[in-house]
Amino acid sequence: MTKEDLWQAVLAQLQLQLSPANFSTWFKSTCVLLQKEGQVTISVPNNFSKEWLENKYNKLIFRALRGLAPEVKEVLYLVERTAPKQKEPVARPLASPEPQQELQDFRADKDTHLNPRYSFDSFIVGPFNELAHAAAQAIAESPGTVYNPLFVYGGVGLGKTHLLQALGNRLVAAGSPSRVRYVSSEQFTAGVVSAIRDRTVERFRALYRESEVLMIEDVQFLAGKEKTQEELFHTFNALYENGKQVVFSSDRPPKAIPALEERLKSRFEGGMIADIGMPDYETRVAILRAKLQDKNFPLAEDVCEYIASHIQRNIREMEGAVNRLFAFWRLNDKTPSLAETKTLLRSIIQSPARAVNTKKIIQVVAEFYDLKERDLIAPSRKKEVVRPRQIAMYLFREELKSSYPFIGQRFGGKDHTTAIYACEKVARTLQESEMLFEEINLIRQRIYSG
C-alpha cells in the first residue's frame with residue numbers, strides 16, 4: 001500500500017468517527033509526506049492545525065494507521081503552507097455500475113467551509129424534523145428577516161449538519177459565497193485563541209462581522225469558554241443589528257447548556273428554536289433508500305429492513321453501515337446477503353440484549369450537565385448538582401425499575417425517602433415543563449446510542 005493509499009484509508013475511517021464539520025476543518029488539507037522506518041509524517045497547512053492534531057486527534061490517527069500498517073511506530077506533523085494535493089482514491093473496476101468516490105464528498109469550500117454534497121434536495125423530511133426544515137427553507141428565501149436567529153438542536157447524527165449546510169449552499173448559490181460563513185464552535189474557538197496569541201483580534205472580528213450569514217455548529221462546546229463567548233456575543237450583536245442572518249446548532253436547547261452566559265442564552269432564544277428528533281421507521285427507510293440511490297448501490301429489501309429496524313437513533317450510523325456494505329460490494333463484486341450484512345454490521349448494531357446500566361446513566365447525565373460523576377453521587381447540595389442528580393435518580397427508576405432504597409444507596413447512601421421525593425418531583429415537573437421533557441429525551445438518546 002502506497003503512503004497516499006494508506007492516508008486515504010485512514011481518512012475513510014476518520015470520517016465515520018467525526019462530525020462532517022470537524023472532519024472538514026482539520027483533515028481536508030492534510031496528506032502523508034513521508035512513510036519510512038515506522039515513521040509517518042503528515043503535512044498540515046498551519047501551526048494551529050499541527051497543535052490541534054497533535055493534542056486532540058493524534059491517538060485516533062495513530063490507532064487508524066496501526067490498524068492498517070502495524071509497522072507504524074510514530075506519527076509526526078509538519079507544517080507546509082500549501083500542502084501537496086491529495087491523490088484521488090481510485091475505484092476498483094467492477095461489473096456493477098461505477099461507485100462514487102467517498103472522500104470527494106467531504107471536500108468543503110475553502111472560503112465558506114460548506115460541503116456541496118449537502119442540499120435541501122437530498123434532505124429527507126419527516127415529522128421529526130419538519131419544523132427545522134421549514135424554518136431553514138424560509139431563511140433561504142429571505143435571510144435576516146425571518147427566524148433570526150435560528151437555533152436547531154437534536155441528538156448526534158440526526159441531520160443538523162446536513163440541514164445547516166444545505167441552507168448555506170442554497171444561500172451561496174443565490175449570492176456572494178464569501179459572505180456566507182459556516183464554522184464549528186471548535187473552529188470559532190480556535191480562531192479566538194489564535195487571534196489573541198497573534199494579536200490579530202481586530203482582523204478576526206472583521207472576518208466574522210462582515211458576513212451576511214454566519215452559521216456556527218455545536219455551540220454546546222462553548223460552555224465555560226468565557227473569552228470565546230464574549231467574542232460571539234459581540235459578533236452576534238453586530239450582525240443582528242445590521243439585519244444579517246445567524247444560525248446555530250447544538251445537541252440540546254439553550255437552557256440546558258451548562259456554563260453558558262445568560263446573555264448568550266437569551267440571544268439564542270430570541271428567534272426560532274427548532275428541534276430534530278429521532279426518525280420513525282418509514283423515514284429511516286426513505287433515508288436509507290436515498291443514500292443507496294446516491295451510490296447507485298443495490299441492496300435487497302430484507303437487508304434494507306434489517307438496517308432500518310436496528311439503527312434507529314443515529315442517521316450517521318446508518319450512513320456508516322451503508323459505507324461498510326458498499327466497501328464489501330466494491331471488494332467482492334456482489335451485494336451482501338442478510339447473513340453477511342449481520343456479520344459486517346455487528347460492531348455498529350448493538351444487540352438488543354445489551355441493556356443500559358446504572359454506570360451508563362450516571363456517566364451520561366454527568367456529561368450532559370458538564371459535571372464529574374462523583375459530583376452526582378456525593379452529598380453536595382449545590383444547585384447545579386441537585387437537579388441533575390434528581391434526573392439521574394428518576395432515570396434509575398424509569399429505565400431500570402430500581403427500588404427506592406437502592407437508588408438512595410447508589411447516590412451517596414441517602415434515605416429512600418430522598419429518592420422518592422426526587423423521582424416524584426421530576427415526574428411532576430415533566431408534566432409542566434416542555435424544556436425538561438426535551439432534556440430527558442436527549443439524555444435517553446445518549447444512553448441508548450452507546
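Given the structure is predicted, the values throughout are model-derived calculations rather than measurements. The first residue of the sequence shown is numbered 1, and numbering continues consecutively from there.
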Taking the side chain as everything from C-beta on, heavy atoms only, tell me whether [X] gets closer than 4.5 Å to [Y].
| X | Y | answer |
| --- | --- | --- |
| Arg324 | Leu345 | yes |
| Leu78 | Ser43 | no |
| Phe188 | Phe204 | yes |
| Lys291 | Ile315 | yes |
| Arg387 | Leu436 | yes |
| Leu442 | Pro253 | yes |
| Gln229 | Phe233 | no |
| Leu222 | Val219 | yes |

Tell me whether [X] contacts the main-chain N or O of [Y] through its side chain, where contact means a donor paired with an acceptor under 3.5 Å.
| X | Y | answer |
| --- | --- | --- |
| Ser266 | Arg263 | yes |
| Lys160 | Asp218 | no |
| Asn129 | Ile124 | yes |
| Arg284 | Ala308 | yes |
| Asn332 | Phe328 | yes |
| Asp280 | Thr283 | yes |
| Gln245 | Gly144 | yes |
| Thr200 | Ile196 | no |

Which heavy atom of [X] sits nearest a heavy atom of [Y], and at what distance?
| X | Y | value |
| --- | --- | --- |
| Pro279 | Leu158 | CD-CD2, 3.9 Å |
| Pro149 | Gly270 | CD-C, 4.2 Å |
| Val152 | Ala132 | CG1-CB, 4.3 Å |
| Ile311 | Ala321 | CD1-CB, 3.8 Å |
| Pro336 | Leu325 | CG-CD2, 3.9 Å |
| Asn237 | Arg267 | OD1-NE, 3.0 Å |

Practice problem: Might you work through the side-chain contact (heavy atoms from CB on, under 4.5 Å) test for Arg444 and Glu398, ending with a clear yes or no? | Solution: CA-CA 11 Å; Arg444 280 192 170 111; Glu398 291 296 308; 3.9 Å; yes
Kindly compute the distance separating [atom1] ([X]) from [atom2] ([Y]), expressed to the nearest 0.5 Å.
| X | Y | atom1 | atom2 | answer |
| --- | --- | --- | --- | --- |
| Glu4 | Cys31 | CD | SG | 8.0 Å |
| Tyr394 | Thr429 | OH | OG1 | 10.0 Å |
| Ile61 | Leu14 | CD1 | CG | 6.5 Å |
| Leu163 | Glu217 | CG | CD | 10.5 Å |
| Ile447 | Glu399 | CD1 | CD | 6.0 Å |
| Glu367 | Ile443 | CD | CD1 | 11.0 Å |

Salt bridge flag under 4.0 Å for residues [X] and [Y]:
| X | Y | value |
| --- | --- | --- |
| Lys255 | Glu439 | no |
| Arg205 | Glu231 | yes |
| Lys59 | Glu54 | no |

Would you call the rings of [X] and [Y] parallel, tilted or perpendicular, taking 30° and 60° as the class edges?
| X | Y | result |
| --- | --- | --- |
| Tyr240 | Phe236 | parallel |
| Trp7 | Phe27 | tilted |
| Phe268 | Phe151 | tilted |

Contacts of [X] that satisfy side chain to side chain contact (heavy atoms under 4.5 Å, CB included) - sequence neighbours left out:
| X | answer |
| --- | --- |
| Ala173 | none |
| Lys265 | Leu260, Glu262 |
| Glu305 | Tyr281, Glu301 |

Exercise. Establish, for the pair Lys295 and Phe326, whether the NZ or CZ atom is under 6.0 angstrom from the six-membered ring centre and no further than 45 degrees off its axis.
Key: yes
Exercise. Examine Arg181 relative to Tyr208 and say whether NZ or CZ is less than 6.0 Å from the centre of the six-membered ring and inside a 45° cone about the ring axis.
Key: yes
Does the side chain of [X] come under 3.5 Å of the side chain of [Y] through a donor N or O and an acceptor N or O?
| X | Y | value |
| --- | --- | --- |
| Glu186 | Thr189 | no |
| His162 | Ser122 | yes |
| Asn58 | Tyr77 | yes |
| Arg209 | Asn242 | no |
| Lys244 | Asn148 | no |
| Gln220 | Ser250 | yes |

Quiz item: Does CZ belonging to Phe123 count more than 12 external heavy atoms closer than 6.0 Å?
Solution: yes
Self-check item: Greater than 12 external heavy atoms within 6.0 Å of Lys225's NZ
Solution: yes
Practice problem: Please assess Met215 against Val213 for the test side-chain contact (heavy atoms from CB on, under 4.5 Å), listing each intermediate value before the final yes or no. | Solution: CA-CA 7 Å; Met215 296 184 285; Val213 178; 4.1 Å; yes
Exercise. Take Val32 and Thr41, measure what side-chain contact (heavy atoms from CB on, under 4.5 Å) needs, and give me the verdict at the end.
Key: CA-CA 6 Å; Val32 172; Thr41 303; over 6 Å; no
Quiz prompt | Partner of Asn169 by side chain to side chain contact (heavy atoms under 4.5 Å, CB included), out of Phe120, Tyr182, Tyr118 | solution = Tyr118
Exercise. Could you walk me through whether Val146 and Met272 pass the side-chain contact (heavy atoms from CB on, under 4.5 Å) test, one step at a time?
Key: CA-CA 9 Å; Val146 293; Met272 164 69 79; over 6 Å; no
